Structures are given as structure tokens and as C-alpha cells.
Amino acid sequence: MNNDSRCDMIAKNIKVILHNVAEAKASCGRESDDIKIMAVSKTVPPEYVNFAVSKGFSLIGENRVQEFLQKKEYYVNNAEIQFIGHLQSNKIKYIIDSVSMIQSVDSVSLAKEIGRQALKNGKCMDILCEVNIGGENSKSGFSPDSLADAVYELAQTDGIKVRGFMTIPPKSDSPIYLEKMQRLYMDIKAAKIDNTDISVLSMGMSGDYVDAVKYGSTMVRIGTGLFGARQK
Ligand SMILES: *Cc1c(COP(=O)(O)O)cnc(C)c1O
């Protein structure tokens with residue numbers, strides 16, 4: 001595929017995504033809600049990420065530290081970057097200054113190290129706790145049962161602010177888990193825990209974002225549905 005035709009495809013996909021999100025919002029009375037659409041950039045060359053940014057998809061999700069470090073100098077500077085991939089403690093220092101949120105916080109110890117690195121850099125990092133809503137062995141994240149206690153503990157940690165939750169539900173029976181995650185989010189949000197500001201439910205990818213909007217998602221993360229099938 002040459003550059004122009006890939007950009008044409010991305011432009012078409014953007015229209016489809018905006019249409020689908022608007023329709024999903026209308027179908028459940030969420031017309032006035034602001035639902036963020038994240039462009040998930042793994043394996044996508046920066047020129048196409050920048051094209052999506054130029055079309056208004058300016059929130060970028062990065063999965064891999066190494067790949068991000070190679071690409072970031074090529075990104076247009078009005079892009080907002082958030083980290084969504086598995087993160088090792090020793091790599092936090094490479095991204096702490098260039099992302100606005102870390103969504104993939106899967107343990108208390110990782111969150112505390114993010115807090116330490118953020119303080120060193122004179123900032124407070126917004127985080128989402130990743131929730132393993134389906135209890136799958138193959139996925140990382142807090143178990144639903146341990147989530148509330150973890151949020152109370154992280155609320156006491158300097159250098160981070162818990163803003164909500166991110167999840168990747170099991171592929172089968174997705175709506176059951178979307179609903180379970182919605183309830184968990186609503187319950188913990190309603191507790192109004194001091195030093196937290198829980199208003200983000202990052203849920204829904206190319207295959208399930210329409211359903212996710214119906215179950216209260218405030219941010220959908222779309223890769224293949226936007227940029228096309230991944231090569232690697
Ligand atoms: C890859 C990825 C996505 C996007 O997945 P698609 O199915 O390509 O839309 C969303 N969230 C996370 C955490 C990812 O790793």
C-alpha cells in the first residue's frame with residue numbers, strides 16, 4: 001500500500017469510528033458525554049500516527065517503551081501520549097517526562113515506583129489501575145476483588161493520582177465483563193476516595209468499542225480499526 005492510499009484508509013476509518021461512537025452514545029442516552037478516542041500506535045510508522053493527529057485523533061496510546069523512544073521525536077508536538085503497555089519498573093524513567101498518563105499500572109509496587117520517579121521529575125503522574133476483569137492467567141492487572149483496597153493504598157502515595165481504570169475484557173462474553181467493570185468503576189468512583197479523581201474508564205478496542213460505550217466507557221483505544229491490520 002502506498003502512503004496516499006494508507007492515509008485514505010485511515011481517513012475513512014476515522015469517519016466510521018466517529019459515526020459508530022456517535023451512534024453508540026445515542027443508543028444509550030450518552031449524547032452529551034465526552035468519550036475520548038485513543039489512537040493505538042503499536043507498529044504504526046510515525047507519519048501515519050501524525051496523519052491521525054492532523055485529523056483530530058490527537059490522543060496516542062503507546063505499548064512498548066523501546067518503540068516509543070524510537071518514534072517520539074518524529075511525532076508532531078500537539079499529540080498527547082499515554083502509556084498503555086506492560087511497564088517494567090526500571091523503564092519508568094524513560095517515559096515519565098513524555099506521557100500524560102500511565103494506564104497500565106498492574107501492581108501497587110509499580111505505582112509506588114512511578115510516584116518516586118514522578119517526584120524526582122517534579123510532577124504528579126495520572127495513573128489508571130489495570131483490571132484483569134476476566135481473571136485470565138494470560139493477563140496482568142488487579143483482580144476485581146483487590147481493586148478497591150489498592151486504590152485506597154495508592155491514594156496515600158505521593159507523586160501519583162489515581163484517575164480510574166483500564167481493562168481488556170475476555171474476547172468471549174465481552175458484554176458480561178464490560179458490565180462487571182462498569183459496576184466496579186461506579187462503586188469505587190462513588191466512594192469519593194480522598195486524593196483520587198476517578199473519572200476515566202478506559203475500555204473498548206477495535207472489536208468491542210461500541211459495546212464498551214454502552215457500558216459506560218469514557219475512553220476507547222483503537223488500533224487496527226484505525227490504522228489497519230498490524231504487520232508484526
Ligand atoms: C493493541 C492494544 C489496543 C488496540 O487493539 P486493537 O484491537 O488493534 O484496536 C488497545 N489497548 C491495548 C492495551 C493494546 O495493547
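Start at 1 and go down the list; that is how both ligands and their atoms are numbered. Source: prediction; values computed, not measured.
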Checklist outcome for this item: Within 4.0 Å of some non-hydrogen atom of Asn63, the atoms of ligand 1 are 14 (C), 15 (O)
Checklist entry - Are Ser89 and Glu113 close enough that a side-chain donor and a side-chain acceptor fall under 3.5 Å? => result no
Checklist entry - Met38 near ligand 1, heavy-atom distance under 4.0 Å? => result no
Checklist entry - Where on Gln103 is there a heavy atom closer than 4.0 Å to ligand 1, on the side chain, on the backbone, on both, or on neither? => result neither
Checklist entry - Ser202 pairs by side-chain hydrogen bond (donor to acceptor under 3.5 Å, both in side chains) with which of Arg163, Gln103, Gln82? => result Gln103
Item to check | Stepwise salt bridge (charged side-chain N to carboxylate O under 4.0 Å, His left out) check, Lys139 with Glu130 | outcome: CA-CA 10 Å; Lys139 285 180 185 153; Glu130 182 171 353; over 6 Å; no
Checklist entry - How many angstroms lie between SG in Cys124 and CG in Asp126, if you round to the nearest 0.5 Å? => result 6.5 Å
Next on the checklist: I want to confirm something. Looking only at heavy atoms, which of Met205, Glu130, Glu62, Lys42 is nearest to atom 10 (C) of ligand 1?
Outcome noted: Met205
Checklist outcome for this item: The atoms of ligand 1 lying under 4.0 Å from a heavy atom of Ile222, numbered in the order shown, are 9 (O)
Checklist outcome for this item: protein heavy-atom neighbour closest to atom 6 (P) of ligand 1 works out as Ser206 OG, 3.4 Å
Checklist outcome for this item: re atom 11 (N) of ligand 1, the protein heavy-atom contact at minimum distance is Arg221 NE, 2.9 Å
Next on the checklist: Suppose we measure from atom 12 (C) of ligand 1 to each protein heavy atom; which comes out shortest, and what is that distance?
Outcome noted: Ile84 CD1, 3.7 Å
Checklist entry - Going through the distances and angles, do Ile95 and Ile102 end up as a side-chain contact (heavy atoms from CB on, under 4.5 Å)? => result CA-CA 9 Å; Ile95 65 166; Ile102 299 176; 4.1 Å; yes
Item to check | Qualifying residue, where the test is side-chain hydrogen bond (donor to acceptor under 3.5 Å, both in side chains) with Ser41 and the options are Glu62, Arg64, Glu67 | outcome: Glu62
Next on the checklist: Just by distance, no angles: are the side chains of Glu136 and Tyr177 close enough, under 3.5 Å, to form a donor-acceptor pair?
Outcome noted: no
Checklist entry - Is the shortest N/O to N/O distance between Gly223 and ligand 1 below 3.5 Å? => result yes
Checklist outcome for this item: Quick note on ligand 1: atoms under 4.0 Å from a heavy atom of Ile168 include exactly 13 (C)
